[in-house]
2 protein chains.
Amino acid sequence: MKKIDILKKLRSSSLRPTKQRVEIAKFLFEREKTFHFTVESLNKLLIKKSTSKIALATIYNTVHAFKAAGHLNEVEVRGNKTYFDTNVSNHHHFYDSETSELIDIDANDVVIQKIPKAPNGKKIKNVEVFINLKN
Amino acid sequence: MKKIDILKKLRSSSLRPTKQRVEIAKFLFEREKTFHFTVESLNKLLIKKSTSKIALATIYNTVHAFKAAGHLNEVEVRGNKTYFDTNVSNHHHFYDSETSELIDIDANDVVIQKIPKAPNGKKIKNVEVFINLKN
DNA sequence: TTTTCACTTTAGAATAATTATAAACTAAAA
DNA sequence: TTTTAGTTTATAATTATTCTAAAGTGAAAA
(Lines give C-alpha, C1' and ligand atoms only; values in the text may rest on other atoms or scores of the structure.)
Protein backbone atom coordinates (compact mmCIF):
# COMPACT_ATOMS: atom_id res chain seq x y z
CA MET A 1 0.00 0.00 0.00
CA LYS A 2 1.46 3.31 -1.15
CA LYS A 3 1.74 6.47 0.90
CA ILE A 4 -0.93 8.21 -1.17
CA ASP A 5 -3.28 5.32 -0.41
CA ILE A 6 -2.44 5.51 3.28
CA LEU A 7 -3.43 9.17 3.23
CA LYS A 8 -6.64 8.34 1.41
CA LYS A 9 -7.40 5.57 3.85
CA LEU A 10 -7.02 7.96 6.77
CA ARG A 11 -8.91 10.85 5.17
CA SER A 12 -11.76 8.62 4.05
CA SER A 13 -12.36 7.66 7.66
CA SER A 14 -12.08 11.21 9.01
CA LEU A 15 -8.73 10.58 10.61
CA ARG A 16 -6.31 13.44 10.20
CA PRO A 17 -3.13 12.10 8.67
CA THR A 18 -0.82 13.18 11.44
CA LYS A 19 2.84 12.20 11.43
CA GLN A 20 2.20 9.48 14.02
CA ARG A 21 -0.85 8.01 12.32
CA VAL A 22 0.86 7.90 8.95
CA GLU A 23 3.89 6.20 10.44
CA ILE A 24 1.81 3.58 12.24
CA ALA A 25 -0.43 3.04 9.22
CA LYS A 26 2.56 2.54 6.93
CA PHE A 27 4.00 0.04 9.35
CA LEU A 28 0.72 -1.88 9.59
CA PHE A 29 -0.66 -1.73 6.09
CA GLU A 30 2.40 -1.73 3.86
CA ARG A 31 2.74 -5.48 3.94
CA GLU A 32 1.60 -8.42 1.92
CA LYS A 33 0.51 -10.74 4.68
CA THR A 34 -1.87 -10.44 7.56
CA PHE A 35 -0.20 -9.08 10.67
CA HIS A 36 -1.26 -9.91 14.22
CA PHE A 37 -0.05 -7.78 17.08
CA THR A 38 -0.77 -6.44 20.54
CA VAL A 39 -0.37 -2.76 21.41
CA GLU A 40 2.70 -3.65 23.43
CA SER A 41 4.31 -5.65 20.62
CA LEU A 42 3.53 -2.92 18.10
CA ASN A 43 5.11 -0.36 20.41
CA LYS A 44 8.31 -2.40 20.64
CA LEU A 45 8.46 -2.89 16.89
CA LEU A 46 7.96 0.82 16.26
CA ILE A 47 10.70 1.74 18.72
CA LYS A 48 13.08 -0.60 16.87
CA LYS A 49 12.05 0.57 13.44
CA SER A 50 11.72 4.33 13.69
CA THR A 51 13.77 7.20 14.94
CA SER A 52 11.01 9.33 16.45
CA LYS A 53 9.39 7.87 19.53
CA ILE A 54 5.60 7.65 19.56
CA ALA A 55 3.94 7.74 22.98
CA LEU A 56 2.33 4.50 24.08
CA ALA A 57 -0.95 6.35 24.65
CA THR A 58 -0.85 7.49 21.03
CA ILE A 59 -0.45 3.92 19.89
CA TYR A 60 -3.48 2.94 21.95
CA ASN A 61 -5.42 5.88 20.52
CA THR A 62 -4.38 5.15 16.98
CA VAL A 63 -5.00 1.43 17.07
CA HIS A 64 -8.46 2.01 18.49
CA ALA A 65 -9.17 4.69 15.93
CA PHE A 66 -8.15 2.28 13.16
CA LYS A 67 -10.32 -0.38 14.68
CA ALA A 68 -13.33 1.95 14.89
CA ALA A 69 -12.77 2.81 11.22
CA GLY A 70 -12.74 -0.86 10.31
CA HIS A 71 -9.09 -0.99 9.32
CA LEU A 72 -8.21 -3.41 12.10
CA ASN A 73 -9.99 -6.34 13.62
CA GLU A 74 -9.83 -7.08 17.34
CA VAL A 75 -9.37 -10.62 18.53
CA GLU A 76 -9.38 -11.68 22.12
CA VAL A 77 -7.92 -14.92 23.30
CA ARG A 78 -7.06 -16.76 26.48
CA GLY A 79 -4.36 -15.14 28.52
CA ASN A 80 -5.69 -11.62 28.66
CA LYS A 81 -3.99 -10.20 25.68
CA THR A 82 -5.88 -8.31 23.06
CA TYR A 83 -4.63 -8.98 19.59
CA PHE A 84 -5.34 -6.85 16.57
CA ASP A 85 -5.37 -8.18 13.09
CA THR A 86 -4.82 -6.33 9.86
CA ASN A 87 -7.10 -8.84 8.19
CA VAL A 88 -10.53 -7.28 8.59
CA SER A 89 -12.36 -9.75 6.41
CA ASN A 90 -14.64 -12.30 7.99
CA HIS A 91 -12.38 -15.12 9.14
CA HIS A 92 -11.52 -17.37 12.07
CA HIS A 93 -8.46 -18.25 14.16
CA PHE A 94 -6.28 -21.00 15.42
CA TYR A 95 -4.85 -20.11 18.80
CA ASP A 96 -1.72 -21.80 20.02
CA SER A 97 -1.49 -21.15 23.73
CA GLU A 98 1.99 -22.72 23.88
CA THR A 99 3.43 -19.97 21.74
CA SER A 100 0.63 -17.38 22.20
CA GLU A 101 0.37 -17.39 18.44
CA LEU A 102 -2.69 -16.55 16.45
CA ILE A 103 -3.12 -17.98 12.96
CA ASP A 104 -5.76 -16.93 10.45
CA ILE A 105 -8.26 -19.39 9.07
CA ASP A 106 -10.02 -18.36 5.91
CA ALA A 107 -13.78 -18.05 6.35
CA ASN A 108 -14.23 -20.62 3.57
CA ASP A 109 -12.29 -23.23 5.50
CA VAL A 110 -14.91 -23.34 8.22
CA VAL A 111 -18.41 -24.36 7.34
CA ILE A 112 -21.04 -24.21 10.02
CA GLN A 113 -24.09 -26.25 9.21
CA LYS A 114 -26.29 -25.31 12.09
CA ILE A 115 -26.39 -22.51 14.63
CA PRO A 116 -29.14 -21.64 17.08
CA LYS A 117 -31.47 -18.67 16.67
CA ALA A 118 -30.52 -15.52 18.54
CA PRO A 119 -32.40 -14.95 21.83
CA ASN A 120 -35.59 -12.91 21.45
CA GLY A 121 -35.04 -9.29 20.54
CA LYS A 122 -31.43 -9.91 19.57
CA LYS A 123 -29.73 -10.44 16.27
CA ILE A 124 -26.55 -12.24 15.38
CA LYS A 125 -23.73 -9.79 14.76
CA ASN A 126 -21.10 -12.34 13.81
CA VAL A 127 -19.84 -15.81 14.54
CA GLU A 128 -16.27 -16.36 15.64
CA VAL A 129 -14.68 -19.77 15.68
CA PHE A 130 -11.58 -20.40 17.77
CA ILE A 131 -9.67 -23.59 17.28
CA ASN A 132 -7.41 -24.03 20.26
CA LEU A 133 -4.25 -26.01 19.61
CA LYS A 134 -2.08 -28.34 21.68
CA ASN A 135 1.13 -30.20 20.90
CA MET B 1 -25.19 -31.27 45.12
CA LYS B 2 -24.91 -32.35 48.74
CA LYS B 3 -22.16 -31.40 51.16
CA ILE B 4 -20.82 -34.97 51.17
CA ASP B 5 -20.52 -34.77 47.38
CA ILE B 6 -18.78 -31.42 47.59
CA LEU B 7 -16.22 -32.98 49.90
CA LYS B 8 -15.78 -35.90 47.53
CA LYS B 9 -15.42 -33.56 44.59
CA LEU B 10 -12.65 -31.66 46.35
CA ARG B 11 -10.85 -34.75 47.69
CA SER B 12 -11.01 -36.52 44.35
CA SER B 13 -9.08 -33.67 42.80
CA SER B 14 -6.51 -33.42 45.63
CA LEU B 15 -7.97 -30.20 46.94
CA ARG B 16 -8.11 -30.05 50.72
CA PRO B 17 -11.64 -29.25 51.75
CA THR B 18 -10.85 -26.11 53.66
CA LYS B 19 -13.59 -23.93 55.12
CA GLN B 20 -13.20 -21.44 52.26
CA ARG B 21 -13.14 -23.98 49.46
CA VAL B 22 -16.19 -25.78 50.80
CA GLU B 23 -18.07 -22.53 51.12
CA ILE B 24 -17.21 -21.45 47.58
CA ALA B 25 -17.90 -24.89 46.16
CA LYS B 26 -21.30 -25.04 47.83
CA PHE B 27 -22.14 -21.65 46.44
CA LEU B 28 -21.08 -22.62 42.92
CA PHE B 29 -22.19 -26.21 42.60
CA GLU B 30 -25.34 -26.41 44.73
CA ARG B 31 -27.53 -25.15 41.94
CA GLU B 32 -29.64 -26.53 39.17
CA LYS B 33 -28.62 -24.25 36.36
CA THR B 34 -25.35 -23.25 34.80
CA PHE B 35 -23.81 -20.26 36.52
CA HIS B 36 -21.57 -17.71 34.80
CA PHE B 37 -19.47 -15.36 36.89
CA THR B 38 -16.31 -13.31 37.11
CA VAL B 39 -14.05 -13.42 40.17
CA GLU B 40 -15.25 -9.94 41.08
CA SER B 41 -18.93 -10.81 40.81
CA LEU B 42 -18.40 -14.02 42.78
CA ASN B 43 -16.63 -12.04 45.48
CA LYS B 44 -19.56 -9.63 45.79
CA LEU B 45 -22.09 -12.44 45.91
CA LEU B 46 -20.11 -14.25 48.61
CA ILE B 47 -19.86 -11.08 50.71
CA LYS B 48 -23.65 -10.70 50.52
CA LYS B 49 -24.36 -14.33 51.24
CA SER B 50 -21.94 -15.34 53.95
CA THR B 51 -20.89 -14.06 57.32
CA SER B 52 -17.19 -14.86 57.16
CA LYS B 53 -15.21 -12.82 54.69
CA ILE B 54 -13.02 -14.69 52.23
CA ALA B 55 -9.99 -12.82 50.88
CA LEU B 56 -10.17 -11.87 47.21
CA ALA B 57 -6.84 -13.63 46.62
CA THR B 58 -8.36 -16.82 48.00
CA ILE B 59 -11.24 -16.54 45.57
CA TYR B 60 -8.75 -16.19 42.73
CA ASN B 61 -6.78 -19.17 44.03
CA THR B 62 -9.86 -21.29 44.51
CA VAL B 63 -11.47 -20.51 41.19
CA HIS B 64 -8.23 -21.33 39.38
CA ALA B 65 -7.82 -24.51 41.39
CA PHE B 66 -11.36 -25.54 40.44
CA LYS B 67 -10.62 -24.71 36.85
CA ALA B 68 -7.42 -26.76 36.86
CA ALA B 69 -9.39 -29.65 38.31
CA GLY B 70 -11.95 -29.36 35.53
CA HIS B 71 -14.81 -28.21 37.75
CA LEU B 72 -15.04 -24.85 36.03
CA ASN B 73 -14.68 -23.74 32.48
CA GLU B 74 -13.01 -20.46 31.56
CA VAL B 75 -14.51 -18.27 28.90
CA GLU B 76 -12.97 -15.09 27.63
CA VAL B 77 -14.92 -12.47 25.76
CA ARG B 78 -14.54 -8.98 24.42
CA GLY B 79 -14.13 -6.37 27.08
CA ASN B 80 -11.36 -7.94 29.12
CA LYS B 81 -13.40 -9.84 31.58
CA THR B 82 -12.76 -13.46 32.28
CA TYR B 83 -15.91 -15.42 32.89
CA PHE B 84 -16.06 -18.80 34.51
CA ASP B 85 -18.80 -21.26 33.84
CA THR B 86 -20.01 -24.08 36.03
CA ASN B 87 -20.95 -25.93 32.86
CA VAL B 88 -17.80 -27.85 32.01
CA SER B 89 -19.30 -29.88 29.22
CA ASN B 90 -18.35 -29.10 25.67
CA HIS B 91 -20.54 -26.21 24.62
CA HIS B 92 -20.57 -22.79 22.99
CA HIS B 93 -21.67 -19.26 23.85
CA PHE B 94 -23.73 -16.34 22.81
CA TYR B 95 -22.16 -13.09 23.96
CA ASP B 96 -24.26 -9.99 24.32
CA SER B 97 -21.88 -7.06 24.56
CA GLU B 98 -24.76 -4.68 25.33
CA THR B 99 -25.44 -6.41 28.61
CA SER B 100 -22.08 -8.23 29.00
CA GLU B 101 -24.12 -11.38 29.26
CA LEU B 102 -22.95 -14.84 28.35
CA ILE B 103 -25.50 -17.47 27.35
CA ASP B 104 -24.78 -21.17 26.93
CA ILE B 105 -25.38 -22.93 23.66
CA ASP B 106 -25.63 -26.68 23.79
CA ALA B 107 -22.90 -28.42 21.78
CA ASN B 108 -25.63 -30.16 19.79
CA ASP B 109 -27.07 -26.86 18.62
CA VAL B 110 -23.95 -26.05 16.68
CA VAL B 111 -22.88 -28.34 13.89
CA ILE B 112 -19.61 -27.62 12.15
CA GLN B 113 -19.32 -29.33 8.82
CA LYS B 114 -15.77 -28.46 7.96
CA ILE B 115 -12.72 -27.26 9.84
CA PRO B 116 -9.15 -27.01 8.64
CA LYS B 117 -6.39 -29.38 9.71
CA ALA B 118 -4.20 -28.25 12.57
CA PRO B 119 -0.82 -26.78 11.56
CA ASN B 120 2.00 -29.33 11.38
CA GLY B 121 3.03 -30.76 14.71
CA LYS B 122 -0.06 -29.44 16.42
CA LYS B 123 -3.34 -31.03 17.37
CA ILE B 124 -6.75 -29.55 17.89
CA LYS B 125 -7.54 -29.21 21.58
CA ASN B 126 -11.05 -27.88 21.19
CA VAL B 127 -13.23 -25.68 19.05
CA GLU B 128 -15.04 -22.73 20.58
CA VAL B 129 -17.80 -20.92 18.79
CA PHE B 130 -18.80 -17.43 19.87
CA ILE B 131 -21.95 -15.93 18.50
CA ASN B 132 -21.81 -12.21 19.14
CA LEU B 133 -25.17 -10.52 19.49
CA LYS B 134 -26.54 -7.08 18.68
CA ASN B 135 -29.96 -5.51 19.16
C1' DT C 1 -0.52 33.83 4.14
C1' DT C 2 -1.88 34.17 8.80
C1' DT C 3 -5.12 33.11 12.19
C1' DT C 4 -7.99 30.19 14.47
C1' DC C 5 -9.74 26.11 16.51
C1' DA C 6 -11.02 21.54 16.88
C1' DC C 7 -8.50 17.50 16.81
C1' DT C 8 -4.15 15.10 18.43
C1' DT C 9 -0.27 13.94 20.96
C1' DT C 10 2.11 13.48 25.09
C1' DA C 11 3.94 12.37 29.85
C1' DG C 12 2.51 10.98 33.69
C1' DA C 13 -1.21 9.83 36.96
C1' DA C 14 -5.01 6.79 37.75
C1' DT C 15 -7.55 2.61 37.43
C1' DA C 16 -8.64 -2.25 37.11
C1' DA C 17 -7.70 -6.93 37.05
C1' DT C 18 -4.67 -10.14 38.47
C1' DT C 19 -0.53 -12.26 40.52
C1' DA C 20 3.30 -12.47 43.92
C1' DT C 21 4.97 -12.44 48.67
C1' DA C 22 5.68 -14.00 53.00
C1' DA C 23 3.79 -14.63 57.46
C1' DA C 24 0.09 -16.97 59.93
C1' DC C 25 -2.92 -20.76 59.87
C1' DT C 26 -4.75 -25.58 59.37
C1' DA C 27 -5.94 -30.37 57.50
C1' DA C 28 -4.37 -34.61 57.79
C1' DA C 29 -0.39 -37.87 57.91
C1' DA C 30 2.96 -39.77 61.05
C1' DT D 1 -0.16 -35.06 69.69
C1' DT D 2 3.35 -33.35 66.70
C1' DT D 3 4.73 -32.35 62.29
C1' DT D 4 4.51 -30.76 57.73
C1' DA D 5 2.94 -29.56 53.45
C1' DG D 6 -0.78 -27.18 51.69
C1' DT D 7 -3.71 -23.01 52.27
C1' DT D 8 -5.25 -18.42 53.50
C1' DT D 9 -4.52 -13.73 54.12
C1' DA D 10 -3.31 -8.72 53.81
C1' DT D 11 -0.67 -6.19 51.27
C1' DA D 12 2.57 -5.05 47.67
C1' DA D 13 3.61 -5.51 42.94
C1' DT D 14 2.60 -6.04 38.23
C1' DT D 15 0.32 -5.52 33.86
C1' DA D 16 -2.68 -3.64 30.60
C1' DT D 17 -5.24 0.10 29.74
C1' DT D 18 -7.54 4.60 30.22
C1' DC D 19 -7.66 9.35 31.89
C1' DT D 20 -6.04 14.11 32.27
C1' DA D 21 -4.72 18.38 31.05
C1' DA D 22 -1.28 20.93 28.82
C1' DA D 23 1.21 21.57 24.55
C1' DG D 24 1.23 20.82 19.64
C1' DT D 25 -0.68 20.71 14.86
C1' DG D 26 -3.62 19.99 10.52
C1' DA D 27 -6.61 22.38 7.78
C1' DA D 28 -10.52 25.62 7.20
C1' DA D 29 -11.55 30.45 7.24
C1' DA D 30 -10.17 35.14 7.06
Side-chain angles (χ1 to χ4, degrees), chain A residues 3-4 6-25 27 36-47 50-69 71-72 74-84 97 100 102, chain B residues 3-4 6-25 27 36-47 50-69 71-72 74-84 100:
Chain A
K3 173 140 189 197
I4 184 81
I6 295 274
L7 295 180
K8 268 190 204 154
K9 184 171 215 161
L10 294 177
R11 287 227 173 76
S12 71
S13 30
S14 313
L15 293 170
R16 279 192 193 167
T18 64
K19 194 159 66 73
Q20 293 84 346
R21 281 178 180 162
V22 171
E23 184 167 342
I24 294 171
F27 186 78
H36 292 108
F37 62 95
T38 64
V39 170
E40 202 50 51
S41 75
L42 176 60
N43 185 39
K44 282 193 188 120
L45 290 168
L46 287 171
I47 287 170
S50 82
T51 43
S52 54
K53 188 189 178 317
I54 301 177
L56 184 58
T58 300
I59 297 176
Y60 272 98
N61 291 341
T62 303
V63 166
H64 285 125
F66 287 179
K67 186 204 156 191
H71 303 316
L72 290 174
E74 188 177 7
V75 183
E76 199 136 354
V77 292
R78 289 287 147 82
N80 261 6
K81 266 176 199 270
T82 301
Y83 284 80
F84 290 88
S97 60
S100 297
L102 210 52
Chain B
K3 173 140 189 194
I4 184 82
I6 295 274
L7 295 179
K8 268 189 204 154
K9 184 170 216 162
L10 294 177
R11 287 224 173 76
S12 71
S13 29
S14 313
L15 294 169
R16 279 192 192 166
T18 63
K19 195 159 66 72
Q20 292 85 343
R21 282 180 179 161
V22 170
E23 185 167 342
I24 295 172
F27 186 76
H36 293 108
F37 61 96
T38 65
V39 169
E40 202 50 52
S41 75
L42 176 60
N43 186 37
K44 281 194 189 119
L45 290 168
L46 286 171
I47 287 170
S50 81
T51 44
S52 54
K53 189 189 178 317
I54 300 177
L56 185 58
T58 300
I59 297 175
Y60 273 99
N61 291 340
T62 303
V63 165
H64 285 124
F66 287 179
K67 186 204 156 191
H71 304 316
L72 289 173
E74 188 177 7
V75 183
E76 199 135 354
V77 291
R78 291 285 147 81
N80 261 5
K81 268 180 198 266
T82 302
Y83 284 80
F84 290 88
S100 297

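Below, chains carry the letters A, B, ... as their sequence lines are ordered, and counting in each starts from 1. Nothing here was measured: the structure is a model prediction, and the numbers come from that model.
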- Task: State, to 0.1 Å, how close B/Leu15 and B/Ala65 come at their nearest heavy-atom pair, and which atoms those are.
- Result: CD2-CB, 3.9 Å

- Item | Nearest atoms (heavy-atom pairs only) where A/Leu42 meets A/Ile59 | CD2-CG2, 3.7 Å

- Task: Check the distance between D/dA16's P and A/Ile59's CD1 and give it to me in whole angstrom.
- Result: 14 Å

- Message: Does D/dT17 have its OP1 or OP2 closer than 4.0 Å to a side-chain nitrogen or oxygen of A/Tyr60?
- Response: yes

- Item | B/Ala57 side-chain proximity, nearest of C/dT19, D/dT9, D/dC19 | D/dT9

- How long is the line joining NE2 of A/His64 and C1' of D/dT18, in whole Å? 10 Å

- Once you round it to whole Å, what is the distance between P of D/dG6 and CG of B/Leu10? 16 Å

- Message: Can you measure A/Lys44 atom NZ to D/dT15 atom P for me and round it to whole angstrom units?
- Response: 10 Å

- Task: Could you please name the option among D/dT9, C/dT8, D/dT8 that lies closest to any side-chain atom of A/Arg21?
- Result: C/dT8

- Considering heavy-atom distances to DNA chain D, does B/Thr58 or A/Pro17 have its closest nucleotide positioned more toward the 5' end? B/Thr58

- Task: Report the distance from atom CG of B/Asn61 to atom C1' of C/dT19, rounded to the nearest whole Å.
- Result: 9 Å

- Item | Euclidean distance, atom CD1 of residue A/Ile54 to atom C1' of D/dT25 [Å, nearest integer] | 15 Å

- Query: At under 4.0 Å, does any side-chain N or O of B/Arg16 touch on OP1 or OP2 of D/dA5?
  - Reply: no

- Sub-4.5 Å side-chain heavy-atom contact between B/Glu40 and B/Asn43: yes

- Query: How would you label the contact of A/Thr18 with the nucleic acid (heavy atoms, under 4.0 Å): base, sugar-phosphate, or nothing?
  - Reply: sugar-phosphate

- Residue mapping more 5' on DNA chain C - nearest nucleotide basis, B/Arg11 or B/Leu56: B/Leu56

- Query: Considering all heavy atoms of both residues, which atom of B/His71 and which atom of B/Lys9 are nearest to each other, and what is their separation?
  - Reply: ND1-CE, 3.4 Å

- So, the side chain of B/Arg11 versus the backbone of B/Pro17: is there a donor-acceptor pair under 3.5 Å, distance only? no

- Message: Under 4.0 Å from OP1 or OP2 of D/dT9: is there any side-chain N or O of B/Gln20 that close?
- Response: yes

- Task: Could you tell me the separation between the CG atom of B/Leu46 and the P atom of D/dT8, rounded to a whole number of Å?
- Result: 13 Å

- Message: What is the separation between atom CD1 on B/Ile24 and atom P on D/dT7, rounded to the nearest whole Å?
- Response: 13 Å

